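A short write-up of the structure that comes next.
All residue numbers in this chain count up from 1 along the given sequence. This is a predicted model, so every value here is computed, not measured.
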Amino acid sequence: MMNNNRVLQTLTLVCVFLFVSVAIISTSGYDIDTDDLPTPVDGLSWTFYNETCPDLESIVNATLQQVFDTDITQAAGLLRLHFHDCFVQGCDASLLLTGTSSDPGELEDTPNLTLRASAVALINEIKAAVEANCSGVVSCADIMTLAARDSVASAGGPDYPVPLGRRDSLTYANATVVSDNLPSPRSNITTLLPSFESKGLNLTDLVSLSGGHTIGLGHCTSFDNRLYNTTSGDTIVDPTLNTTFASTLYSICPVVNDTVNATNLDLITPNVFDKNYYIDLQNGEGLFTSDETLYTDSNDSEDIVNNFASNETLFFQNFILGMLKMGQLDVLTGTEGEIRTNCSVANNASSYYQQIIEPIVGPEEQSSSSQFT
């Protein structure tokens with residue numbers, strides 16, 4: 001029955017987005033009417049917590065603003081968490097579950113090693129604030145969704161409604177599933193597009209969601225394939241790289257496999273969510289292979305890049321649609337999964353952990369034992 005529900009959710013999502021076109025944008029000066037947005041998949045709704053946790057969105061936003069007021073760079077980390085969670089077994093907060101030495105969690109898998117520990121800590125902080133107001137009601141998956149939305153808006157991007165009602169997974173994916181489902185920054189469009197299409201996302205979604213790289217950092221190991229032969233370490237020249245930009249990258253990443261250094265994804269306005277990422281691509285200054293390929297390797301995607309580079313409203317419109325589609329991938333609803341009390345531990349495991357560990361190390365030591373908090 002659960003597999004059938006998954007199929008129905010996927011078919012509903014694909015059909016809705018094939019036939020619904022939205023031409024409404026939300027920024028600080030405009031409002032979106034949910035009647036003008038695609039119908040959520042079964043189990044999600046625009047008003048899910050209106051009765052059970054009416055202050056939810058205010059709590060999430062207030063907690064985030066305390067951080068963003070002094071460090072807006074945290075917005076990119078929260079947005080990236082949402083991507084990495086949804087692309088692996090759906091938007092179910094499986095990413096946040098702590099693994100064991102013999103069975104590592106998703107956060108310890110290679111594609112996730114550069115995710116910000118501070119972003120994970122922020123989700124846990126929000127969860128604690130929400131639990132204090134309405135205990136046992138709101139899932140970690142929904143908190144991640146709201147945090148990603150508020151991060152975009154706080155960085156200058158669109159603010160938009162999101163349907164809620166997701167539940168949290170009981171388990172996490174293994175390393176193979178994680179690697180197979182998360183697109184590599186070294187991928188070209190020939191690899192990227194089938195990956196997105198397998199999830200009901202199309203070329204426009206690929207280009208618009210890639211626009212999330214208008215904020216945040218890229219680590220050398222994610223783009224040094226454009227600078228070096230990653231086997232021999234010899235210098236190479238990626239012909240799609242702007243030569244001045246390439247020189248800058250060589251100075252940031254002086255050797256292959258530099259695991260320390262990083263640089264901004266968007267050269268023009270690195271902490272502002274805007275269309276300038278696409279102008280970077282036009283200038284040969286996309287950081288990852290997966291970025292620049294959108295402009296150099298497909299006439300169809302190049303056209304979309306050009307349209308977004310010249311029309312920020314169009315980018316925002318399509319980004320909203322892409323986020324709504326992605327945010328409903330393989331969601332758990334109804335009686336599936338659970339509402340975790342602690343985002344890093346499934347409820348049964350959390351209870352067991354408390355019983356076994358707390359008498360040994362004490363509650364204070366236990367609270368600081370995770371490398372991700």
Side-chain angles (χ1 to χ4, degrees), residues 2 6 74 76-128 130-131 136 138-145 147-148 166-185 195 199 219 221-222 259-260 326-327 329-332 336-373:
M2 189 174 293
R6 291 285 190 284
Q74 295 295 335
L78 291 165
L79 177 58
R80 193 173 175 212
L81 281 187
H82 188 47
F83 279 111
H84 282 235
D85 183 52
C86 289
F87 260 75
V88 178
Q89 76 175 37
C91 308
D92 60 0
S94 62
L95 175 67
L96 302 179
L97 287 172
T98 301
T100 66
S101 58
S102 60
D103 185 20
E106 292 177 29
L107 283 171
E108 297 175 74
D109 294 330
T110 300
N112 293 328
L113 291 178
T114 56
L115 293 175
R116 294 191 183 195
S118 56
V120 177
L122 260 175
I123 295 296
N124 290 331
E125 183 179 343
I126 296 168
K127 174 65 171 175
V130 171
E131 285 293 304
V138 181
S139 68
C140 300
D142 275 344
I143 288 173
M144 292 178 77
T145 302
R166 297 163 189 78
R167 290 171 65 85
D168 300 322
S169 67
L170 303 176
T171 59
Y172 49 84
N174 62 40
T176 300
V177 173
V178 171
S179 295
D180 287 348
N181 282 275
L182 284 175
S184 167
S195 174
K199 301 180 185 304
H219 292 76
T221 50
S222 296
T259 59
V260 176
M326 186 191 73
L329 291 175
D330 294 327
V331 292
L332 301 174
E336 298 174 315
E338 65 181 6
I339 304 298
R340 280 183 223 146
T341 301
N342 178 341
C343 288
S344 63
V345 188
N347 288 343
N348 288 340
S350 179
S351 174
Y352 176 80
Y353 180 86
Q354 294 285 345
Q355 293 171 19
I356 300 301
I357 301 298
E358 188 170 307
I360 300 173
V361 301
E364 291 184 4
E365 290 87 350
Q366 178 189 339
S367 68
S368 60
S369 63
S370 171
Q371 67 182 41
F372 295 109
T373 58

Can you tell me how far [atom2] of [Y] sits from [atom1] of [X], rounded to the nearest 0.5 angstrom?
| X | Y | atom1 | atom2 | result |
| --- | --- | --- | --- | --- |
| M144 | L122 | CE | CG | 12.0 Å |
| T98 | L107 | OG1 | CG | 7.0 Å |
| S118 | L78 | OG | CG | 8.0 Å |
| C86 | L81 | SG | CG | 10.5 Å |
| H84 | L95 | NE2 | CG | 8.5 Å |
| E125 | I123 | CD | CD1 | 10.0 Å |

Treating [X] as the side-chain partner and [Y] as the backbone partner, does any N or O pair qualify as donor plus acceptor under 3.5 Å?
| X | Y | result |
| --- | --- | --- |
| N181 | V177 | yes |
| D168 | A141 | yes |
| E131 | G136 | yes |
| D109 | P111 | no |
| D85 | A93 | yes |
| Q89 | S94 | no |
| K199 | G90 | no |
| R340 | S169 | yes |
| R116 | R80 | no |

State, to 0.1 Å, how close [X] and [Y] come at their nearest heavy-atom pair, and which atoms those are.
| X | Y | value |
| --- | --- | --- |
| C140 | L96 | CB-CD1, 4.3 Å |
| E106 | V88 | OE1-CG1, 4.0 Å |
| N124 | C343 | OD1-CB, 3.4 Å |
| F83 | M326 | CD2-SD, 3.2 Å |
| S139 | R166 | OG-O, 2.7 Å |
| C91 | H82 | SG-CE1, 4.4 Å |

*Can you find a pair of side-chain heavy atoms, one from D103 and one from Y172, that are under 4.5 Å apart?*
yes
*Checking side chain to side chain contact (heavy atoms under 4.5 Å, CB included) for the pair T259/H219: CA distance, chi angles, key distance, verdict?*
CA-CA 7 Å; T259 59; H219 292 76; over 6 Å; no
